[in-house]
Amino acid sequence: GGAAGAAVAQTAADGDPNILNLPEHSKGLGQPVAAEGYGKPSKFETNVQRRPSPGLTQTAQASVSFAPLQSLFGIVTPSGLHFERHHQGWWDIDPSKHRLMVNGSDAALLKRPLVFTMDELMRLPSVSRFHFIECGANTGMEWGNVAVPTCQYTHGMLSCSEFTGVPLRVLFDLCGVDYKRARYVLAEGADGSSMTRTVPMELVESGEVFVAYGQNGEMLRPEQGYPLRLVVPGVQGVSWVKYLRRLEVGDQPYGTKDETIHYIDLMPGGLHRQYTSTQECKSVVTTPSGGQVLLDKGYYQISGLAWSGRGKVRRVDLTTDGGRNWRTARLQDPVMSKCLTRFTLDWQWDGKPAIIQSRATDETGYVQPGTRQLRAVRGTRSIYHNNAIQSWLVEESGEVRNVQLA
Amino acid sequence: GGAAGAAVAQTAADGDPNILNLPEHSKGLGQPVAAEGYGKPSKFETNVQRRPSPGLTQTAQASVSFAPLQSLFGIVTPSGLHFERHHQGWWDIDPSKHRLMVNGSDAALLKRPLVFTMDELMRLPSVSRFHFIECGANTGMEWGNVAVPTCQYTHGMLSCSEFTGVPLRVLFDLCGVDYKRARYVLAEGADGSSMTRTVPMELVESGEVFVAYGQNGEMLRPEQGYPLRLVVPGVQGVSWVKYLRRLEVGDQPYGTKDETIHYIDLMPGGLHRQYTSTQECKSVVTTPSGGQVLLDKGYYQISGLAWSGRGKVRRVDLTTDGGRNWRTARLQDPVMSKCLTRFTLDWQWDGKPAIIQSRATDETGYVQPGTRQLRAVRGTRSIYHNNAIQSWLVEESGEVRNVQLA
Amino acid sequence: QPPYPGIGRTATPAELKAWDIDVRPDFKGLPKGAGPVSQGQDVWEARCAACHGTFGESNEVFSPLVGGTTAEDIKTGRVARLNDRTFPGRTTLMKVSTVSTLWDYINRAMPWNAPKSLKTDEVYAVTAYLLNLGGIVPDDFTLSDANIADVQKRLPNRNGVTTAHAMWPGKGMGKAGDFDVKAKACMHDCEAEPKVASLLPDFARNNNGNLAAQQRLVGPQRGVDTTRPPG
Amino acid sequence: QPPYPGIGRTATPAELKAWDIDVRPDFKGLPKGAGPVSQGQDVWEARCAACHGTFGESNEVFSPLVGGTTAEDIKTGRVARLNDRTFPGRTTLMKVSTVSTLWDYINRAMPWNAPKSLKTDEVYAVTAYLLNLGGIVPDDFTLSDANIADVQKRLPNRNGVTTAHAMWPGKGMGKAGDFDVKAKACMHDCEAEPKVASLLPDFARNNNGNLAAQQRLVGPQRGVDTTRPPG
Ligand code: HEC
Ligand code: HEC
Ligand SMILES: [Ca+2]
Ligand SMILES: [Ca+2]
Ligand SMILES: [Ca+2]
Ligand SMILES: [Ca+2]
Ligand SMILES: [Ca+2]
Ligand SMILES: [Ca+2]
Ligand SMILES: [Co+2]
Ligand SMILES: [Co+2]
């Protein structure tokens, strides 16, 4: 193991050659504007990629690629690094041909079923909001044991963007939905899987759910559902139906494949919890984190992400001694509801083994549980909704390892 | 003129063929995950590019490319579309060889001049904050007359990102800066122009100024100064020195080329204002805006951006009758200091000519001026700091034109 | 006059028919039709077996569809093997609690590489075949809109789900607000026993590729070179 | 012990020398040296004239450096032509108020395609040549660290700048807080005269390229096709 090519300042007696010998870029003429009409990251950043986890899925179209959380700053996920979860592959759909239909399970549930073009949807009143999206299966590989080495793989089915779109309530009002009877919404995609999920009408009535076309200032990316996806803040990603083609209102939940065969949580005793949707309060330290090597003893800023599907993060506590003693971290502004919150804390590493954990509390008072507390209630076979406290062991060598504690 | 290929729903008697004939993507298998480890926008979005304005500069390396504000949502600018302003071209600098030096104009101004590697800077306590950056010359072509057709060219030297980096005060404290005497900071870049600008120590002491390596979750883009740039919230972009290699503290301003020969504002009477730095409160309607054609009469959501270099936007008013009557727009959360704020307002277009303007007020009470009010004080030859109210004329044909009023 | 004149138009009956394909647990949305197990076997072998195996047992492209259910389960409506930690994997038939889901999903999404290419009767037939493989319907069974509700009563895991939890953010079901896991935020001298119980074995170190190539080249740390042993 | 042990190290004298190249208006930072106008002309013709023109008059790659200043300006320290709206462009010598700026900028950034390639004496010389072209120093002048302060006293626009404005966000200069433009937020029946006074003439319609290709293909509007006449 050990650090791969740490750049140690080669300071000769009179100074650093990187200072004494002026670099080419200080002595020449650089590249023109609009060399790229749409720019790319530096060539020195090619290690920062989204990646699938080998062996996790048997196909690449019903699969996952994970966001490299260990290399991200702040709360916004660059759209090029947004995690992917497809069930039947992704498409780049012509928006001029895309349609959204709104109908009822029976005709009496609304006054008129409507069809919208993208031109029409983009004319309607819109909102822009920052929200996290987390797959219900995020950290699912870790219910029983440590399975993967880095936070890209443990927590990387998580991203956060500024989404823009039309509150679903606006569309439903246009259709004359009977909110008394219509307590459930079915969302359906236009891809091969025509992904379907049931959403509670309460979240539509609150104004929170919207049909989004924008993400981080531009249109959604094809991998994230271009030109239209549902945004269901606080709820697991599978409900944020991509390539959204249809919304149906009904008086019963729909028991779709991804709420009857998957995204059901196996409890001790053999019952499955069905329609588990909320992403409960959770956090993870991203710096330092598994697979990294600290270059030196001394000061580090511990940094990570916290979020809750029930509202704002209220507090994050950090320990470096495996949970005996905790300190409260700084929360970075802005702290927004159902959005990632970045936290930081100062740490002097003395070079001895240390176990770092973070524990988030949300505005409802819910406290992120430890692995043992979570397992005591839910066992280890739920697959979904693992929001346990993550532990990183910093070894004397500086190597950081993913561990679970007794 | 007229709309270029508006997608009208071709609704046959029994329905839209885009619904009746299932599209390929509903009947096939799409692309795999991580087809792109770093993803790109849809191929249908290629019109959304940053662009130089023909004839504005004589070279492409001392030049500008403008962000396509007319196509952006929310407040975050996608990094690939961030406006560019280079004086001697851009570079993709190896971060392992980049250094930051902090020194004093004379030795007594600090206890020790220091050199930092990127490894070291990225270990220090960091902040992540959303801020706009606007070139002091933004809208500069429009001081005297209408010069360019779209808000990409009138206002596109404007972008907004979540920046991450180290408060400059942390570095200055490490150097033992004598804040009593050292009231000015010189920032210097590592590119050919080795761009220099003077920054007031007050903004460092307030904790606002930071040396940034992160932008929208990833590292800065090469065009924006990778691996290090200064962030000076509220101050014109030229002070946000890219490829930052050196900071010097001094007891006098530095009279650099870009504060003595450029970025000086010519006033009536022939005096130049020097060291004009603050970007005063300003706003622009981006939808609808110049160069667009409205597809139809009826409902539109007017939408735009407001910002102030002195703090938060407090209010935005909108008119559709060229300034006779105004309505107050909705401000989109979050409203942050020295950051773009998105505003929206409902509008029913009756198909008659309309003149749309927005007028922002910031938390200091400063009201964005009209063209006449601004010219009455500053004339028309300032080049920089044109924050006048923008007017868009919607013609009966639906075409929107950039106009200035009598 | 609507608030947004000219935006949105009424969907036609043909359009609704083309897109409104969902089938609910109460069979609302289910089109009329029928298909026998024997026809289902033909469809299966022609259109499904390549991926899922002749008996739905394959793990090549996805977890097995069939297996792990018993005649006893069909009686109780609870799949006993869901409690058997030694049983490898969990098949579709072990989990599915509503037969509508099978019908709906096959109809909308299968075959995976040619979704929506099956005729309605073929969906009935191939669903019948899968149910037959699971011993839920006999070899001579013909599944139809008329008898599917009876089949539901024989589904092995039909009683295997609950909505009694706090994770449905609506009032229609579940028990919102009542968290099942109640942790406390202890700050000092907490009970925690900082003993490592699980970590990746050294041989698995490089399973996710060389981590040195998965971390930024600059910053407070590097990626560990997992092509070399630890230490 | 510093709060961040091991982070940052003291810069060496050689490093400071290599990078601390700025020259302030009070000439702090100016290295010793000298260069005559005649040598400056050689440097200019070899290294600068291709871009800026033999007499600094070219507008090919950048606005002209020289021109527009008079002997009278040298006396008053104010460039009169800055008030002459008919005078085309504003040259560098018309604007620059501190001679240190010229020296510093040429030293750090010119020649544009080979910045920092000039020797110190060459910077003195070519600065002298530019000043000579502007009639600020005589043909036989040798600019040096010893006499540059005298040249400052002859700079045509040396009295042409003010910091009396509210746009310096510090207290060291300017008058922060006192806005010069005081608009009011009238809401109803405002004085505004909504008469169009300026718009792009039809012949300039396509100057920035076809706007139809500069707008998204979908949404509430399209880009106007500027290859065709308006209407
Ligand atoms: C080309 C490969 C392929 C073919 C052919 C195919 N399937 Fe599938 N099937 C898959 C994959 C992959 C999945 C998992 C999709 C996902 O993850 O969403 C799947 C999922 C399923 C499921 C859901 C299983 C579960 O537990 O979620 C059923 C049921 C199913 N297939 C039935 C069929 C039937 C019936 C046919 C033929 C009519 C068929 N499949 C043809 C690949 C295939
Ligand atoms: C290859 C072309 C090129 C050469 C050679 C060149 N320059 Fe320049 N010069 C430029 C450009 C382009 C600019 C504007 C840079 C910018 O926008 O920041 C410029 C700017 C300047 C300026 C600042 C003018 C202003 O008003 O901002 C001065 C002074 C100057 N050059 C002097 C020189 C001298 C002296 C030399 C030779 C030693 C030289 N130049 C060689 C292209 C050139
Ligand atoms: Ca239906
Ligand atoms: Ca200096
Ligand atoms: Ca319409
Ligand atoms: Ca499997
Ligand atoms: Ca060090
Ligand atoms: Ca010019
Ligand atoms: Co999923
Ligand atoms: Co600039």
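Throughout, a chain's letter reflects where its sequence line sits, starting with A, and its residues are numbered from 1. Since we're looking at a predicted model, the values are computed, not measured.
Within the 4.5 angstrom heavy-atom criterion, atoms from both the backbone and the side chain of R381(A) approach chain C. Proximity to chain C involves both the backbone and the side chain of Y254(A), based on heavy atoms less than 4.5 angstrom apart. Heavy atoms closer than 4.5 Å to chain C are found nowhere in Q279(A), neither backbone nor side chain. For a residue to count as touching a neighbouring chain, one of its non-hydrogen atoms must lie under 4.5 Å from one of that chain's; by this rule Y300(A) touches chain C with the side chain only. In this structure, chain A has a heavy atom under 4.5 Å from the backbone of N159(C), while its side chain stays farther away. If you measure heavy-atom distances from Q404(A) to chain C, the contacts under 4.5 Å come from both the backbone and the side chain. When heavy atoms are compared at a cutoff of 4.5 Å, I389(A) does not approach chain C at all. With a threshold of 4.5 angstrom between heavy atoms, A376(A) does not approach chain C through any atom at all. Residue contact with chain C, scored on non-hydrogen atoms closer than 4.5 Å, is absent for P52(A). Interface residue V148(A): backbone and side-chain heavy atoms are both found under 4.5 Å from chain C. With a 4.5 Å cut-off on non-hydrogen atoms, V232(A) does not touch chain C at all. Interface remark: N402(A) contributes backbone atoms only to the contact with chain C (heavy atom separation under 4.5 Å). Looking at I355(A), the atoms closer than 4.5 Å to chain C (heavy atoms on both sides) all sit in the side chain, from C-beta outward. Only the side chain of R78(C) has a heavy atom closer than 4.5 Å to any heavy atom of chain A. Residue T57(A): no heavy atom, backbone or side chain, is found under 4.5 Å from chain C. Contact of K195(C) with chain A is made through backbone and side chain together, with heavy-atom distances under 4.5 Å. In this structure, chain C has a heavy atom under 4.5 Å from the backbone of D191(A), while its side chain stays farther away.
In this structure, H165(C) has its ring center no closer than 6.0 Å to that of Y384(A).
Of the residues listed (V161(C), V99(C), V96(C)), the one engaging T260(A) in a side chain to side chain contact (heavy atoms under 4.5 Å, CB included) is V96(C), and it is the only one.
Looking at every heavy atom in both residues, V181(C) comes nearest to P369(A) through CG1-CB, 3.5 Å. When every heavy atom of G290(A) is checked against every heavy atom of Q215(C), the shortest pair comes out as O-NE2, 4.0 Å. Residues L203(A) and P169(C) share a closest heavy-atom pair of CD1-CG, 3.7 Å.
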Worked verdict on R24(C) versus D251(A) for salt bridge (Lys or Arg N to Asp or Glu O under 4.0 Å): CA-CA 11 Å; R24(C) 262 184 355 188; D251(A) 54 1; 2.9 Å; yes
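If you tally non-hydrogen atom pairs under 4.5 Å between each of E248(A), R324(A), R112(A), R183(A) and chain C, the highest count goes to R324(A). With chain C as partner, the option from R372(A), R273(A), Q373(A), M267(A) having the largest number of non-hydrogen pairs under 4.5 angstrom is R273(A). Comparing L271(A), V403(A), V377(A) by heavy-atom pairs within less than 4.5 Å of chain C, the highest count is held by L271(A). Each of Q236(A), E395(A), E188(A) has some count of heavy-atom pairs under 4.5 Å with chain C, and the biggest count is that of E188(A). By number of non-hydrogen pairs under 4.5 angstrom with chain C, the leading residue of G370(A), G365(A), P125(A) is P125(A). Your options are L124(A), T287(A), T371(A), and the one with the most heavy-atom pairs under 4.5 Å with chain C is L124(A).
Residues meeting the side-chain contact (heavy atoms from CB on, under 4.5 Å) test with E60(C), sequence neighbours left out: S58(C).
Interatomic distance, OG of S97(C) versus CD1 of I264(A), reported as 6.5 Å (0.5 Å rounding).
P113(A) has its side chain within reach of L16(C): a pair of non-hydrogen atoms, C-beta onward, lies under 4.5 Å apart. The shortest distance between side-chain heavy atoms of T150(A) and L211(C) falls below 4.5 Å.
Side-chain contact, N208(C) with S53(A): a donor N or O sits under 3.5 Å from an acceptor N or O.
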